[in-house]
Number of protein chains: 2
Amino acid sequence: MKINKELLKGSTQIMLLSLLSRGDMYGYQMIQELKLISGNVFELKEGTIYPLLHALEGDGAVASYWKDTSEGRRRKYYRLTDAGRMMLKDRRSEWTDYVAAVNKVIGGEEI
Amino acid sequence: MKINKELLKGSTQIMLLSLLSRGDMYGYQMIQELKLISGNVFELKEGTIYPLLHALEGDGAVASYWKDTSEGRRRKYYRLTDAGRMMLKDRRSEWTDYVAAVNKVIGGEEI
DNA sequence: CTATATACATAGGATAACTATGTATTTAGG
DNA sequence: CCTAAATACATAGTTATCCTATGTATATAG
């Protein structure tokens, strides 16, 4: 059994991969989407998300490409690769196991 | 809204507090209980749990007392204080919000 | 025309949990 | 009998994650 211990430290990776599974996005956009979808619970900083995306790209989970907007602004879009899709599937089951385990521990006492 | 960002990094504190809400326990025992209840998902190390218990005691969330067993072994028991009980209540609602937020993000895509 | 929002990037710092190591006692196995 | 493993505590040092701070550059609002 035994889940990845890194999961304990954070769940940002699985959320980024999930966002990209809905469609290609750029970093700044992902920060806003995360904030919106989570109802202001997650407000990732740029200093958090960009290095994370670079790491995911280094692992081959995502691929990036530049795109220019009509206003002259450049954006770096990220796309989920097949490897990333597999990674997401694994992380998802880890997440489920993890939450179930915590709930077993914290639910079942009389406060 | 916005939950405690430290929650992202781990949920050990809430689990230790929850264990103690069931009754007084000593550190080594809590490691075993956590492993048992979680179905081998959590196998906290001594290097993790002892400093954590010391920190919780420093915060006034738990109180400790030594007890000798009949075999001559000494054990340091921890008891949840009223402050700890309040802390547990807060952490519990944070945990619920946190899980709900992650699920909103990761559930709702087509893989 | 200046402040804010957008959009990228990285160096350095804080913190949580782990590894490694130490002490001491009890129990199980060869 | 004696050594290994389990019990029970403790802490120093390492690693990894996320944040803060800072930088560049363009577009938009007041």
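Letters A, B, ... mirror the listed sequences (proteins, then strands); counts begin at 1.
Taking side-chain N and O atoms only, A/Thr12 has a distance below 4.0 Å to OP1 or OP2 of D/dC18. A sub-4.0 Å separation between OP1 or OP2 of C/dT6 and a side-chain N or O of A/Gln32 is present. Residue B/Tyr50 has no polar side-chain atom (N or O) positioned under 4.0 Å from OP1 or OP2 of D/dA10.
For A/Leu44 against A/Ile31, the heavy-atom pair with the smallest separation is O-CG2, 3.3 Å. Of all non-hydrogen atoms in A/Tyr50 and A/Gly27, the two that sit nearest each other are CE2-CA, 4.0 Å.
Note on A/Glu46: a base of the nucleic acid sits closer than 4.0 angstrom, heavy atoms only.
In this structure, A/Leu34 atom CG and D/dC18 atom P are separated by 12 Å, rounded to whole Å. B/Ile31 has its CD1 atom 13 Å from the C1' atom of C/dA17, to the nearest Å. Note: OH (B/Tyr28) to C1' (D/dA10) measures 14 Å, nearest angstrom. Here C/dA7 presents its P atom at 11 Å from CE of A/Met25, a figure rounded to the nearest Å. Atoms CZ (A/Arg75) and P (C/dA7) sit 4 Å apart, rounded to a whole Å. We find that NZ of B/Lys45 is positioned 14 Å from P of D/dA6, with the value rounded to whole Å. Here the P atom of nucleotide D/dA10 and the OH atom of B/Tyr26 are 14 Å apart, to the nearest Å. For the pair B/Lys35 NZ and D/dT7 P, the interatomic distance rounds to 11 Å; values are reported in whole Å.
Residue B/Leu44 has its side chain nearest to C/dC18 when only C/dA5, C/dC18, D/dC9 are considered. Each of C/dT25, D/dT26, C/dC8 was ranked by its minimum atom distance to the side chain of A/Arg73; first place goes to D/dT26. The B/Arg74 side chain lies nearest to D/dC9 when the options are D/dC9, D/dA6, C/dA17. Of all nucleotides listed (C/dA7, D/dT20, D/dA10), D/dA10 comes nearest to the side chain of B/His54.
In this structure, B/Met25 and B/Glu33 have side chains that are in contact, with non-hydrogen atoms separated by less than 4.5 Å.
Relative orientation of the B/Tyr98 and A/Phe42 rings is perpendicular, given thresholds of 30° and 60° on the angle between their planes.
Closest-nucleotide positions on DNA chain D for B/Thr48 and A/Pro51 were compared, and the one nearer the 5' end corresponds to B/Thr48. Nearest-nucleotide assignment on DNA chain C puts the 5′-proximal partner with A/Thr69, out of B/Leu52 and A/Thr69.
Here OG of B/Ser38 is found 8.0 Å from CG of B/Leu36. Values are rounded to the nearest 0.5 Å.
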